[in-house]
There are 2 protein chains.
Amino acid sequence: MDNAAPQSPAGLSTTASWLLNQTASHAGRLLSEGFAAHDLRGYHYRLLATLAEDGPASQADLGRRCGIDRSDVVAAINDLAGRGLVVRAPDPADRRRNVISATDAGADEARRMGATLERVQDDLLAPLSASEREQLTRLLTRLLHHHSRH
Amino acid sequence: MDNAAPQSPAGLSTTASWLLNQTASHAGRLLSEGFAAHDLRGYHYRLLATLAEDGPASQADLGRRCGIDRSDVVAAINDLAGRGLVVRAPDPADRRRNVISATDAGADEARRMGATLERVQDDLLAPLSASEREQLTRLLTRLLHHHSRH
DNA sequence: GAACCAACGTTGGTAGCACCAACGTAACAC
DNA sequence: GTGTTACGTTGGTGCTACCAACGTTGGTTC
């Protein structure tokens with residue numbers, strides 16, 4: 001019988017990177033499961049939400065804002081366009097660019113996925129009080145902001 | 001011209017899952033770069049550190065403790081054994097099992113990688129004070145602990 | 001002790017995220 | 001005009017995290 005502890009790599013379990021990795025991994029799992037009901041993935045939501053909130057943009061711009069590589073944006077936009085959630089049109093002002101816009105169906109889907117996202121947040125942060133959630137958000141935001149201006 | 005903000009997906013940037021994903025992703029990048037100097041990856045370190053600290057164990061046990069799938073343990077142990085960092089021996093008491101032990105070289109490598117890990121932690125948590133680091137650790141640990149007993 | 005089930009190691013496959021190099025086209029700077 | 005930059009696109013790579021299936025072995029139950 002394996003009566004060993006379920007999980008806890010000795011010295012690792014106290015390191016920030018381990019904790020971040022594990023919690024993010026868990027959050028990702030929850031999110032994937034939630035998004036699977038929409039038959040879409042994380043990349044799709046990032047793009048769709050950005051389009052729905054900030055309006056049309058070029059693919060390169062979207063990639064920059066979502067932290068997604070240009071080449072990965074292509075595939076994701078292909079998927080979204082194939083479902084009529086998004087429209088790809090050449091930019092008349094700059095023929096290198098495509099202007100990507102969310103359709104009405106796309107905006108709807110963005111809203112639905114946003115609701116799923118919120119549900120997942122609550123699920124994820126269940127054990128934390130409101131002030132603790134804010135604390136966590138603040139700390140992570142500081143980390144991210146610090147490292148973003150390398 | 002793209003004078004748009006460098007990164008910040010509208011409503012996403014305040015969600016815990018997004019922040020966790022991004023910070024963990026960044027931590028993973030730092031860690032990968034650090035471990036690359038040892039020509040090993042995250043899986044290898046998890047296993048090696050667990051072996052060095054907790055002593056020999058079966059592959060299934062290791063996988064459970066490190067949160068790595070049994071099938072992935074096989075490949076990682078193959079790598080480690082191929083470099084003489086680890087020894088795979090049949091368990092005389094249970095012929096289904098292999099007993100994996102860290103060699104002296106493996107223990108050394110675990111120490112070296114541990115130092116790399118520590119350096120990365122400091123790098124990652126640079127903008128946070130000691131008490132803030134503890135806060136973050138505590139919050140993440142609570143999240144993890146809560147979700148581990150689903 | 002025979003039958004059954006659970007655990008082990010292993011093979012081989014899948015998916016998602018992240019990232020990179022290279023190309024042709026188009027815009028911009030000089 | 002020429003050189004440089006940005007754009008979209010193609011076609012890769014690597015790491016992490018899974019899952020299904022198989023043959024072998026151990027333990028349990030009758």
Side-chain angles (χ1 to χ4, degrees), chain A residues 1-4 7 17-18 20-36 39-47 57-64 66-79 81 88-100, chain B residues 1-4 7 9 17-18 20-36 39-47 57-64 66-79 81 86 88-100:
Chain A
M1 301 297 159
D2 293 318
N3 52 1
Q7 56 192 18
S17 66
W18 170 261
L20 280 170
N21 181 18
Q22 292 299 297
T23 49
S25 176
H26 188 73
R29 211 174 308 131
L30 290 177
L31 215 48
S32 282
E33 288 166 9
F35 285 166
D39 203 30
L40 289 171
R41 288 159 299 144
Y43 275 15
H44 298 127
Y45 177 67
R46 293 195 214 172
L47 294 167
S58 74
Q59 296 181 195
D61 214 26
L62 280 174
R64 250 171 265 128
C66 298
I68 302 179
D69 191 87
R70 303 205 310 272
S71 61
D72 298 320
V73 171
V74 175
I77 293 294
N78 282 346
D79 293 344
R88 185 193 255 126
D91 186 342
D94 185 340
R95 301 214 309 280
R96 292 173 303 179
R97 297 185 183 177
N98 291 332
V99 177
I100 312 296
Chain B
M1 303 300 152
D2 293 318
N3 51 1
Q7 57 191 18
S17 65
W18 170 262
L20 281 170
N21 181 20
Q22 292 299 299
T23 49
S25 177
H26 188 73
R29 210 174 310 130
L30 291 177
L31 215 47
S32 283
E33 288 167 9
F35 285 166
D39 202 31
L40 290 170
R41 289 159 299 144
Y43 275 14
H44 298 128
Y45 177 68
R46 293 197 214 171
L47 295 167
S58 74
Q59 295 181 196
D61 215 25
L62 280 173
R64 250 171 264 129
C66 298
I68 303 179
D69 192 85
R70 303 205 309 273
S71 61
D72 298 321
V73 171
V74 175
I77 293 294
N78 283 345
D79 294 343
V86 132
R88 185 193 257 126
D91 187 341
D94 186 340
R95 301 216 307 280
R96 292 174 302 180
R97 297 185 183 176
N98 291 332
V99 177
I100 311 297

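Between the side chain of Arg70(A) and the base of dG8(D), a donor-acceptor pair under 3.5 Å is found. Judged by atom type and distance alone, Ser71(A) reaches the base of dG11(D) through a side-chain donor-acceptor pair under 3.5 Å. For a distance-only test at 3.5 Å, the side chain of Asp72(B) qualifies as a donor-acceptor partner of the base of dC18(D).
Remark: Asn21(B) pairs with no residue by the side chain to side chain donor-acceptor pair (under 3.5 Å) rule, at least two apart or across chains.
Separating the CG atom of Leu40(A) from the C1' atom of dC17(C) is a distance of 16 Å, rounded to the nearest angstrom. Across the protein-nucleic acid pair, Glu33(A) atom CD and dC19(D) atom C1' stand 14 Å apart, rounded to whole Å. Rounded to an integer number of Å, the gap from CD1 of Ile68(A) to C1' of dC17(C) is 9 Å. Following rounding to the nearest Å, Trp18(A) (CH2) and dT16(D) (P) show an atom-to-atom distance of 11 Å. Summarising the geometry, the separation between CZ on Arg97(A) and P on dA27(C) is reported as 10 Å, rounded to the nearest angstrom. Distance, Leu30(B) CG to dC15(D) P: 17 Å, rounded to whole Å. Atom OH of Tyr43(B) and atom P of dG14(D) are 16 Å apart (whole Å). For the pair Leu31(B) CG and dT16(D) C1', the computed distance is 13 Å after rounding to whole Å.
Residue-level contact check: Asn21(A) touches the backbone only, with heavy atoms under 4.0 Å from sugar-phosphate atoms and none from bases. Using a 4.0 Å heavy-atom cutoff across all strands shown, Gly42(B) reaches sugar-phosphate atoms only and no base atom.
In this structure, Asn78(A) and Arg88(A) have side chains that are in contact, with non-hydrogen atoms separated by less than 4.5 Å. Looking at heavy atoms from C-beta onward, Arg70(B) lies out of side-chain contact with Arg64(B) at the 4.5 angstrom threshold.
Nearest-nucleotide positions on DNA chain C place Arg41(A) closer to the 5' end than the other of Arg41(A) and Arg29(B). For the pair Asp69(B) and Val99(B), both in contact range of DNA chain C, the more 5′-proximal nearest nucleotide belongs to Val99(B).
The phosphate of dA17(D) has OP1 or OP2 within less than 4.0 Å of a side-chain N or O from Arg46(B). The phosphate of dT24(D) has neither OP1 nor OP2 within less than 4.0 Å of any side-chain N or O from Arg96(B). Here Gln59(A) does not reach the OP1 or OP2 of dA6(D): none of its side-chain N or O atoms lies under 4.0 Å away. Phosphate proximity of dT10(C) to Asn78(B): absent, as no side-chain N or O sits under 4.0 Å from OP1 or OP2.
For Gln22(B), the side-chain atoms get nearest to dA18(C) when compared with the rest of dA18(C), dG9(C), dA17(D).
Proximity of residues 88-95 of chain A to DNA chain D (heavy atom under 4.0 angstrom from any strand atom) is restricted to Arg88(A).
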Open item on the list: Test side chain to side chain contact (heavy atoms under 4.5 Å, CB included) on Leu62(A) and Ile77(A); report intermediate values, then the result.
Closed with: CA-CA 10 Å; Leu62(A) 280 174; Ile77(A) 293 294; 4.2 Å; yes
- [ ] Report the C-alpha separation of Tyr45(A) and Leu40(A) in whole Å, then their side-chain angles, then the decisive distance to 0.1 Å, and conclude whether the side chain to side chain contact (heavy atoms under 4.5 Å, CB included) test is met.
- [x] CA-CA 7 Å; Tyr45(A) 177 67; Leu40(A) 289 171; over 6 Å; no
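At a threshold of 4.0 Å, the pair Asp79(A)-Arg41(A) counts as salt-bridged, since one of the basic side-chain nitrogens sits closer than that to a carboxylate oxygen.
Side chain of Arg97(A) to backbone of Ser58(A): no donor-acceptor contact under 3.5 angstrom is found.
Taking all atoms of both residues into account, the shortest heavy-atom contact from Leu20(B) to Ala24(A) is O-CB, 3.6 Å.
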